[in-house]
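So the structure is just underneath, and the comments pick up after that.
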Amino acid sequence: MYRTHTCGQLKIEDVDKMVSLAGWVQRSRDLGGMTFIDLRDRYGITQLVFNMETDSALCEKARKLGREFVIRISGKVAERSNKNLKIPTGEIEIICNKFDILNASEVPPFTIEDETDGGDELRMKYRYLDLRRSVMKKNLELRHRMAQEVRNYLSKQNFLEIETPVLIKSTPEGARDFVVPSRMNPGQFYALPQSPQTFKQLLMVAGYDRYFQIVKCFRDEDLRADRQPEFTQIDCEMAFVEQDDILDTFEGLTKNMLSNIKGVEITEAFPRMSYSEALENYGNDKPDIRFEMTLHEISGLVKGKGFEVFDSAEYVGAICAESCSEYSRKQVDALTDFVKKPQIGAKGLVYVKCNPDGSYKSSVDKFFDQDALAGWASELGAKPGDLLLVLAGDKSRTLSALSELRLEMGRTLGLMDKTIFAPLWVVDFPLLEWDEDSRRFYAMHHPFTSPRPEDIELLDSDPGKVRANAYDLVINGVEIGGGSIRIHDKALQQKMFKTLGFAPEEAEAQFGFLMNAFRFGAPPHGGIAFGFDRLVSLFAGLDSIRDVIAFPKNNSGRDVMIDSPAKIEEELLKELRLRIEQAKA
RNA sequence: GGUGUGGUAGUUCAGUUUGGUUAGAAUAUCGGCCUGUCACGCCGAGGGUCGCGGGUUCAAGUCCCGUCCACACCGCCA
């Protein structure tokens with residue numbers, strides 16, 4: 001037996017017990033006459049003590065132990081004369097009488113501490129060392145507990161966890177697929193699922209009316225801090241339900257998780273906001289409602305005063321930053337630079353300082369008198385001491401720039417408290433999105449999303465106006481999940497494919513399996529999927545999902561630890577009947 | 001595909017604006033001293049392809065061009 005206890009286990013009650021422990025040398029403090037060693041395992045840290053007077057040979061040996069050596073020790077638990085109340089085992093130490101080095105360690109390339117000196121790249125390359133740090137351990141423990149909580153909650157609600165295949169087929173629409181060549185079927189490829197979408201719908205047809213799965217999904221698109229090529233979803237589907245049934249069920253799940261994991265009790269119902277409301281008031285479809293500072297259109301108030309920028313703009317909108325009227329020239333310039341960044345894309349920024357004395361000072365005083373500016377302030381509900389920030393231009397770009405500006409101000413003013421959770425449902429998404437490049441409509445959610453019944457007739461006349469039975473769960477400005485009521489009728493599904501520009505044969509070839517299933521009694525159904533990595537990182541208070549994934553990939557989709565993706569043997573290519581076309585020099 | 005930031009000791013960074021002596025700090029490592037430390041302390045030492053390639057110059061970490069890598073973002077992500 002390697003050990004009798006773990007390094008987080010022994011307490012003052014265990015004094016005088018003879019124990020053995022195994023773990024890693026976290027740090028040693030060599031005082032000459034005696035040496036202390038912190039021994040670490042998954043469960044904690046226990047201090048070992050070696051004394052020259054008691055056993056000089058053993059103590060000498062202990063002095064030579066380096067960081068991250070794996071050792072096994074035995075000794076007697078003793079009460080410390082100087083207690084360390086900062087750690088759970090700080091009242092005791094082990095007076096060692098024997099130890100073995102199970103494995104020595106080279107000096108690690110970075111320190112294994114909460115505040116490590118290692119940069120991201122190095123931590124990724126030696127991920128197994130990074131994961132030894134207790135902050136990373138906490139993240140993975142949180143992830144585990146959250147997964148358990150999901151399984152418990154949904155199982156109690158009669159959901160069945162059913163696995164779906166990973167080798168499936170590529171379909172048009174949506175993200176790029178990762179593909180896997182088939183050796184037994186030369187020239188043909190499997191695709192990895194972007195989500196188990198069609199399979200869970202087929203499970204509904206099969207009568208498994210409540211399905212869930214914590215499942216890997218794959219999308220071959222460019223990455224971000226919150227996007228990995230492979231990521232995990234809490235994927236669900238329910239039959240014989242309407243939108244409210246799904247929202248209620250997953251609102252329950254979310255509240256339960258917040259309560260049991262974070263100790264955050266939310267008693268009232270999550271607010272529901274339409275997609276168009278979200279755009280008008282927040283400038284995007286995933287509003288962070290931890291703070292107000294909503295967008296206000298003031299086009300009507302500003303036109304026709306001879307200020308060309310406003311007169312020629314499709315949309316003029318503003319936000320009100322509370323208590324910022326004392327902003328210096330430098331601070332306003334910094335905000336102007338912020339909105340003029342290419343990613344934001346505004347041409348400039350107009351400000352109005354609502355001075356504490358009730359007067360107004362703006363960058364457009366030449367065109368607007370005090371009364372006009374007072375009118376703007378009143379529209380935005382601004383008080384003396386506030387600062388109005390105004391952007392103008394074409395509507396969609398200006399809304400999104402105002403949204404970015406609002407978030408920037410929220411960050412600056414400290415309004416984004418990570419311990420507050422502000423969830424809401426965004427509903428009534430458009431069914432379709434026009435794409436200018438390919439001159440056709442695309443499904444905003446996916447091609448199986450049901451239009452709202454009252455909008456179905458618009459499918460022929462004005463497809464862009466059709467609203468979908470689709471919904472997103474947004475928490476603190478992060479899109480945590482989304483779903484929809486699906487089409488369960490063959491004719492409507494065919495009509496949908498037609499609107500998306502699929503020829504009937506094409507639709508049949510790509511999605512015939514689903515439409516065939518709809519011929520045999522498909523129940524009304526719908527579902528939702530939560531981004532599990534995002535949910536965990538939100539609960540952990542992190543901005544990147546990489547720290548809640550044991551072995552993530554970098555910005556370019558590479559795993560720098562195992563160095564993948566990588567070339568494969570010529571022999572293997574041959575077997576797969578694949579030839580690599582060399583990139584042009 | 002694009003925009004921005006960065007790449008200097010094992011590591012994290014300063015130094016680059018304005019080219020000029022032997023490229024610094026912290027931390028880690030190694031050696032010495034130290035019997036109650038817990039981020040131990042004190043003394044000392046070693047440690048550099050300034051990402052890579054080219055150019056300008058008497059002289060390049062510093063200026064110019066190219067390139068690679070990392071990170072953040074835009075496009076993209078049903």
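Just so we're clear, the structure is a prediction, and the values are computed from it rather than from any experiment. Throughout, protein chains are lettered first and strands after them, A, B, ... in sequence-line order, and every chain is numbered starting at 1.
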- prompt: When rounded to the nearest Å, what value does the distance between C1' atoms of G51(B) and U62(B) take?
  reply: 16 Å

- request: Using a cut-off of strictly less than 4.0 Å, decide whether K86(A) has a side-chain nitrogen or oxygen near OP1 or OP2 of A39(B).
  value: yes

field: Interatomic distance where CD1 belongs to I545(A) and C1' belongs to A72(B) [whole Å]
entry: 15 Å

- line: Which of G36(B), A39(B), G10(B) is nearest the side chain of R27(A)? It is A39(B)

- request: Would you classify S556(A) as touching base, sugar-phosphate or nothing, given that sugar-phosphate means primed atoms plus P, OP1 and OP2, and contacts are heavy atoms under 4.0 Å?
  value: sugar-phosphate

- prompt: What integer number of Å spans the P atoms of G66(B) and U27(B)?
  reply: 41 Å

- line: Winner on side-chain proximity to N554(A), out of C71(B), A72(B), G36(B), is C71(B)

query: Looking for any heavy atom pair under 4.0 Å, which part of the strands does K83(A) touch: base, sugar-phosphate only, or nothing?
result: base

query: Does a salt bridge link D130(A) with R127(A), judged by any charged N lying under 4.0 Å from a carboxylate O?
result: yes

message: Ignoring hydrogens and geometry beyond distance, is the side chain of R227(A) in donor-acceptor contact with the base of C76(B) at under 3.5 Å?
response: yes

- prompt: Which value, in whole Å, describes the distance between the P atoms of nucleotides U49(B) and U3(B)?
  reply: 32 Å

- request: Verify the distance criterion only: is there a donor paired with an acceptor across the side chains of N469(A) and S484(A) at less than 3.5 Å?
  value: no

OH on Y211(A) to CG on D235(A), rounded to 0.5 Å: 3.5 Å

- line: In Watson-Crick or G-U wobble terms, with both distances under 3.5 Å, the base opposite C73(B) is G2(B)

message: Would you say R546(A) places a side-chain N or O within less than 4.0 Å of OP1 or OP2 belonging to C71(B)?
response: yes

- prompt: Quantified in whole Å, what is the P atom distance between nucleotide G31(B) and nucleotide G55(B)?
  reply: 46 Å

task: State whether the distance check finds a donor on one side and an acceptor on the other, under 3.5 Å, for side chain E221(A) versus base C77(B).
output: no

query: So, are R29(A) and D38(A) salt-bridged, with charged N and O less than 4.0 Å apart?
result: yes

field: Interatomic distance, D38(A) CG vs C40(B) C1' [rounded to whole Å]
entry: 11 Å

message: If you assign E53(A) and D222(A) each to the RNA chain B nucleotide with the nearest heavy atom, which residue ends up on the more 5' nucleotide?
response: E53(A)

- request: Quote, to the nearest angstrom, the C1' distance that separates C50(B) from G32(B).
  value: 33 Å

query: A72(B), G36(B), C77(B): which one has an atom nearest the side-chain heavy atoms of M34(A)?
result: G36(B)

- request: Find the distance Q194(A):CD to C77(B):P and express it as a whole number of Å.
  value: 10 Å

task: May I ask you to say what R224(A) touches in the nucleic acid, namely base, sugar-phosphate or nothing, with a heavy-atom cut-off under 4.0 Å?
output: base

task: Report which part of the nucleic acid L122(A) touches: base, sugar-phosphate, or nothing (heavy-atom distance under 4.0 Å, all strands).
output: sugar-phosphate

- request: Give the ring-plane orientation class for Y126(A) versus Y128(A), where under 30° counts as parallel, over 60° as perpendicular and anything between as tilted.
  value: perpendicular

message: Is it the case that the base of G36(B) and the side chain of E93(A) share a donor-acceptor contact (distance under 3.5 Å, atom types as modelled)?
response: yes

task: State whether the aromatic ring of F110(A) stacks on the base of U11(B), taking stacking to mean ring centres under 5.5 Å apart and ring planes under 30° to each other.
output: no

query: Are D120(A) and R123(A) close enough, and set up right, to give a salt bridge (charged side-chain N to carboxylate O under 4.0 Å, His left out), and what steps lead you there?
result: CA-CA 5 Å; D120(A) 289 343; R123(A) 288 173 48 213; 3.2 Å; yes

- request: Would you please classify the geometry between the F218(A) ring and the F178(A) ring as parallel, tilted or perpendicular, with 30° and 60° separating the classes?
  value: perpendicular

field: Base-pairing mate for G20(B) - Watson-Crick or G-U, with both contacts under 3.5 Å
entry: C58(B)

Close side-chain approach of S105(A) to W24(A), heavy-atom, < 4.5 Å: no

statement: Taken to the nearest whole Å, CD/Q26(A) to C1'/C40(B) is 15 Å

Strand partner of U67(B), provided both Watson-Crick or wobble distances fall under 3.5 Å: G51(B)

- prompt: Rounded to the Å, how far apart are Q197(A) CD and C77(B) P?
  reply: 17 Å

- request: Would you indicate, yes or no, if C40(B) has its OP1 or OP2 atom less than 4.0 angstrom from a side-chain nitrogen or oxygen of R29(A)?
  value: yes

task: May I ask you to say what R123(A) touches in the nucleic acid, namely base, sugar-phosphate or nothing, with a heavy-atom cut-off under 4.0 Å?
output: nothing

message: Would you measure the distance from the P atom in G20(B) across to the matching atom in U16(B) and give it in whole Å?
response: 9 Å

message: For Y442(A) and M52(A), find the nucleotide of RNA chain B closest to each by heavy atoms; which residue's nucleotide sits nearer the 5' end?
response: M52(A)

message: Considering every strand and a 4.0 Å limit on heavy-atom distances, what is the contact class for P342(A): base, sugar-phosphate, or nothing?
response: sugar-phosphate

Rounded distance (Å) that lies between atom P of C76(B) and atom CG of D177(A): 18 Å

query: Would you find a donor on one side and an acceptor on the other, under 3.5 Å apart, between the side chain of K61(A) and the backbone of F99(A)?
result: yes

- prompt: Quick one: the side chain of R176(A) and the base of C76(B), do they pair up donor-acceptor inside 3.5 Å?
  reply: no

message: Just to be sure I understand the rule, does E121(A) reach a base, reach only the sugar-phosphate, or reach nothing, if contact means heavy atoms closer than 4.0 Å?
response: sugar-phosphate

query: Which nucleotide, A70(B), G10(B), U29(B), lies nearest any side-chain atom of R558(A)?
result: A70(B)

Between U5(B) (P) and N555(A) (CG): distance, integer Å: 17 Å

query: Taking the same atom, P, in G54(B) and in A59(B), what whole-Å distance lies between them?
result: 16 Å

query: Whole Å only: how far is the CZ atom of R63(A) from the P atom of U37(B)?
result: 17 Å

query: If the C1' atom of A14(B) is compared with that of U57(B), how far apart are they to the nearest Å?
result: 27 Å

task: Write down the partner of G31(B) under the Watson-Crick or G-U wobble criteria, each distance required to be under 3.5 Å.
output: C43(B)

message: Taking 4.0 Å as the cut-off, does a side-chain nitrogen or oxygen of N51(A) come that near to OP1 or OP2 on U35(B)?
response: no

